[in-house]
**Student:** 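Just passing along the structure, written as structure tokens.
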Amino acid sequence: MPVLNHGRLPPIRQTCLALRSASRRRQSLPIVALLFAVGLLTTVLILAGPAFAETELTIVMHSDLKLLDPIWSGGYITRNHGYMIYDTLFATDAAGQIRPQMVERYDVSADKLTYTLTLREGLLWHDGKPVAAEDCVASLKRWGSRDTMGQKLMTFVKDMPVIDTRTFRIVLKEPTGLVLPALGKPSVYVPFMMPKRVADTSPNEQITDTTGSGPFVFKRENWKPGDKVVYTRFAQYRPRPEPPSSLAGGKVAKVDRVVWKAISDHQTAINALLNGEVDMIESPPHDLLPVLRKDANVKLLNRDQLGFQYAFRFNTLHRPFDNVKIRQALWYAFNQEDFLRATIGDPTYYRLCKALFVCGTPLESTKGMDGLLESNFDKARALIREAGYDGTPVALLHPTDVAVLANLAPVAKSLMERAGLKVDMQSMDWQTLVTRVAKKEPPAQGGWSAFVTAWAAADILNPVMTGFLNASCDTAMRGWPCDAEIERLRDQFAHETNPARLKGIAEAVQIRITQYPTHIHLGQWTQPMAVRRNIDGIVSAPVTVLWNVEKKPR
């Protein structure tokens, strides 16, 4: 529980301590004094109690939290956990601009090769120790070995020397426009800052120490996977003085305690919200939104207009998807409408979009997409025959506990079977799937062939940022595509300093993945959040963040 009254005990606790002391002296204390103390306590409870009551916000998230390392796991629930307890050097605001966050000031040398970053004063880790430049350098190195954009940025980095306790530099081999966009990237993998002792953990191992410097503290002793996650306000956090703007600005924790409640049954979660037992549902199923609209005590908030994009991910290491023609066949077998109808249902919340880099963005294009994603099964079957398909079944992972993902695998299975592939669909919860896809073993030994997931638009706005486009073989994201041409184009995008030329490079990437498929994008959709009307201040952002949120009396 956070300390109130600037370190002084609240009046209620002072009175309780006085009563406890009095009880120890009860042999010598006149009865009238005890009665006076009881009366005083009653008065304080009546008059001052509400002002010092702990405010608790209870929310049902889209998934249960089982993995705690946001650099090891790309799961969005782990990313959301990261935003609760960690902070970032820079952040993306509502206008898409990169703004300093933990950084007080930064300078760029005239030759664009040296970035000097100075941290804000007074930043503390949750254990009370000051945040230091060496912590940030270690954190960037770990993140940069894992994140798609970070990996590309690190190819430009020559050195990151520590200058003093609060200052360090990023020295480049050659100029690139990636530095600030990478350090301020909004989603997976987010460059969260951790203490050096934690950041020194191998990126291939999960951290065990969850010390952060963000606005909330993770209460590990109260964490019960399958039941709840508990966070408390970090009283010593120093927010920036400006108002919040998406993921940038002041992160002011306005509630004392946050509880993520795991409720796997969607109807049960809806009933809990309607009855006031929980305050928010992050991702209510779209088919239950009409029920929520009818309740005057509930409001629906659409916090991110670009929303999400579905994606079918191949494992290119093993049969059958080690064969490029079999992967190409799915460009013809799939169509976006079937996936979107099965999961979202209401066209109000989805759109067909063949643009790899999301409709409604500067890099939106349909170049190279003619004739694809239209369920041309004749063409799909012809490619599968040309590939010499030997009947190896597709080990398709099927998450069952996330509403917006649960119906995707059955649709993919149906369409693949119509194209002539055998499919072994294996059902599991999402966190088990996230762990499973880290395995490089063949499907028969516990590995996998494919899964269908969703990316926030904020994660896939260009070729360098989009994780599934990393085709660097062993250092690529799970699925491990290996294509020199995609990597050449991504390098070209990273080196390009003329914004007018970026779209042409992005279109070349889009054409290339129809030839060497790393994944297939399956349509765009938005997800409203359901909130009790006494909850206010929710920040519009591509990530669910809980700073600035107030819980008012009903």
**Student:** Does Cys359 offer a backbone N or O that forms a donor-acceptor pair with the side chain of Gln524 under 3.5 Å?
**Tutor:**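 Yes; at least one donor-acceptor contact below 3.5 Å.
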**Student:** Can Arg327 be said to sit on top of Tyr516's aromatic six-ring, NZ or CZ under 6.0 Å from centre and within 45° of the ring axis?
**Tutor:**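 Flagged: Arg327 positioned over aromatic ring of Tyr516.
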**Student:** Could you check whether His126 and Thr211, counting side-chain N and O atoms only, form a donor-acceptor pair closer than 3.5 Å?
**Tutor:** no
**Student:** State plainly whether the residues Asp483 and Arg512 are in salt-bridge range, i.e. N to O under 4.0 Å.
**Tutor:** yes
**Student:** Does the side chain of Asp459 pick up a donor-acceptor pair with the side chain of Tyr189 at under 3.5 Å?
**Tutor:**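 Absent: no donor and acceptor within the cut-off.
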**Student:** So, does Tyr332 use its side chain to make a donor-acceptor pair with the main chain of Ala419 at under 3.5 Å?
**Tutor:**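 No; judged by distance alone, with no hydrogens or angles, the pair does not exist.
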**Student:** For Arg341, what residues pass the salt bridge (charged side-chain N to carboxylate O under 4.0 Å, His left out) criterion, not counting sequence neighbours?
**Tutor:** Glu337
**Student:** Do Trp260 and Asp64 meet the criterion of a side-chain donor-acceptor pair at a distance under 3.5 Å?
**Tutor:**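 Not at all, the side chains of Trp260 and Asp64 share no donor-acceptor pair under 3.5 Å.
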**Student:** Check whether Arg532 reaches the backbone of Met280 with its side chain - one donor and one acceptor, N or O, closer than 3.5 Å.
**Tutor:**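 Checked: no pair found.
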**Student:** In terms of ring plane angle, is the pair His81 and Tyr231 parallel, tilted or perpendicular, where the classes change at 30° and 60°?
**Tutor:**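 Ring orientation of His81 relative to Tyr231: tilted.
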**Student:** Report yes or no: does Thr92 contribute a side-chain atom to a donor-acceptor pair with the main-chain N or O of Gly184 at less than 3.5 Å?
**Tutor:** yes
**Student:** If we ignore angles and hydrogens, is there a donor and acceptor under 3.5 Å between the side chains of Thr475 and Ser472?
**Tutor:**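 Yes, side-chain donor-acceptor contact under 3.5 Å.
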**Student:** Could you check whether Trp525 and Phe308 have their ring centres less than 6.0 Å apart?
**Tutor:** yes
**Student:** Does the side chain of Asp338 come under 3.5 Å of the side chain of Gln336 through a donor N or O and an acceptor N or O?
**Tutor:**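 Note: Asp338 and Gln336 side chains miss the donor-acceptor criterion.
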**Student:** Which residues pass the side chain to side chain contact (heavy atoms under 4.5 Å, CB included) test with Ala484, sequence neighbours left out?
**Tutor:** none
**Student:** Using 4.0 Å as the upper bound for N to carboxylate O, is an ion pair formed by Lys66 and Asp429?
**Tutor:**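 Counted as a salt bridge, because a side-chain N and a carboxylate O are separated by less than 4.0 Å.
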**Student:** Between Trp448 and Trp480, what is the ring plane arrangement, given parallel below 30°, perpendicular above 60°, and tilted in between?
**Tutor:** tilted
**Student:** Test Pro285 against every option in Leu289, Ile281, Asp287 by the side chain to side chain contact (heavy atoms under 4.5 Å, CB included) rule and name the one that passes.
**Tutor:** Asp287
**Student:** Does a donor on one side chain sit under 3.5 Å from an acceptor on the other, for Thr544 and Glu282?
**Tutor:** yes
**Student:** Between Glu221 and Lys219, is the closest basic N to carboxylate O distance under 4.0 Å?
**Tutor:**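 Judged by the 4.0 Å cut-off on N to carboxylate O distance, Lys219 and Glu221 do form a salt bridge.
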**Student:** If only side-chain N and O atoms count, and only distance matters, is there a donor-acceptor pair under 3.5 Å linking Arg418 with Ser375?
**Tutor:**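 Distance-only check fails for Ser375 and Arg418.
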**Student:** Does any donor atom in the side chain of Arg79 or Ser187 lie under 3.5 Å from an acceptor atom in the other side chain?
**Tutor:** yes
**Student:** For the pair Arg146 (side chain) and Trp72 (backbone), establish whether a donor and an acceptor sit closer than 3.5 Å, ignoring hydrogens and angles.
**Tutor:**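 It does hold such a pair.
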**Student:** Is Asp87 salt-bridged to Lys251, going by a charged N under 4.0 Å from an acidic O?
**Tutor:**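 Counted as a salt bridge, because a side-chain N and a carboxylate O are separated by less than 4.0 Å.
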**Student:** Starting from the C-alpha separation in whole Å, work towards a yes-or-no answer on side-chain contact (heavy atoms from CB on, under 4.5 Å) for Ile460 and Gln309.
**Tutor:** CA-CA 9 Å; Ile460 52 176; Gln309 181 190 82; 3.4 Å; yes
**Student:** Distance-only check: which donor-acceptor pairs under 3.5 Å involve side-chain atoms of residues 362-369, not counting sequence neighbours?
**Tutor:**
| unit_1 | atom_1 | unit_2 | atom_2 | d |
| --- | --- | --- | --- | --- |
| Glu364 | OE1 | Gly360 | N | 2.8 |
| Ser365 | OG | Lys367 | N | 3.1 |
| Ser365 | OG | Glu507 | OE2 | 2.8 |

**Student:** Start with the C-alpha distance between Glu386 and Lys325, add both sets of side-chain angles, then the distance that settles salt bridge (Lys or Arg N to Asp or Glu O under 4.0 Å), and finish with yes or no.
**Tutor:** CA-CA 8 Å; Glu386 289 177 27; Lys325 284 193 175 181; 3.2 Å; yes
**Student:** Using modelled atom types and a 3.5 Å cut-off, is there a donor and acceptor pairing between side-chain atoms of Lys152 and backbone atoms of Thr155?
**Tutor:**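 Side chain of Lys152 to backbone of Thr155: no pair is present.
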**Student:** Going by an N to O cut-off under 4.0 Å, is there a salt bridge joining Lys141 and Asp200?
**Tutor:** no
**Student:** Ignoring hydrogens and geometry beyond distance, is a side-chain donor-acceptor pair present between Glu277 and Asn271 at under 3.5 Å?
**Tutor:** no
**Student:** Where the side chain of Ser246 meets the backbone of Ala248, is there a donor-acceptor pair that is under 3.5 Å apart?
**Tutor:** no
**Student:** Under 4.0 Å between a Lys/Arg side-chain N and an Asp/Glu carboxylate O for Glu374 and Lys379?
**Tutor:**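 Answer for the salt bridge query: no.
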**Student:** Answer with yes or no whether the side chains of Gln305 and Thr526 bring together a donor and an acceptor at under 3.5 Å.
**Tutor:**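 Checked: Thr526/Gln305 side chains show no N/O donor-acceptor pair below 3.5 Å.
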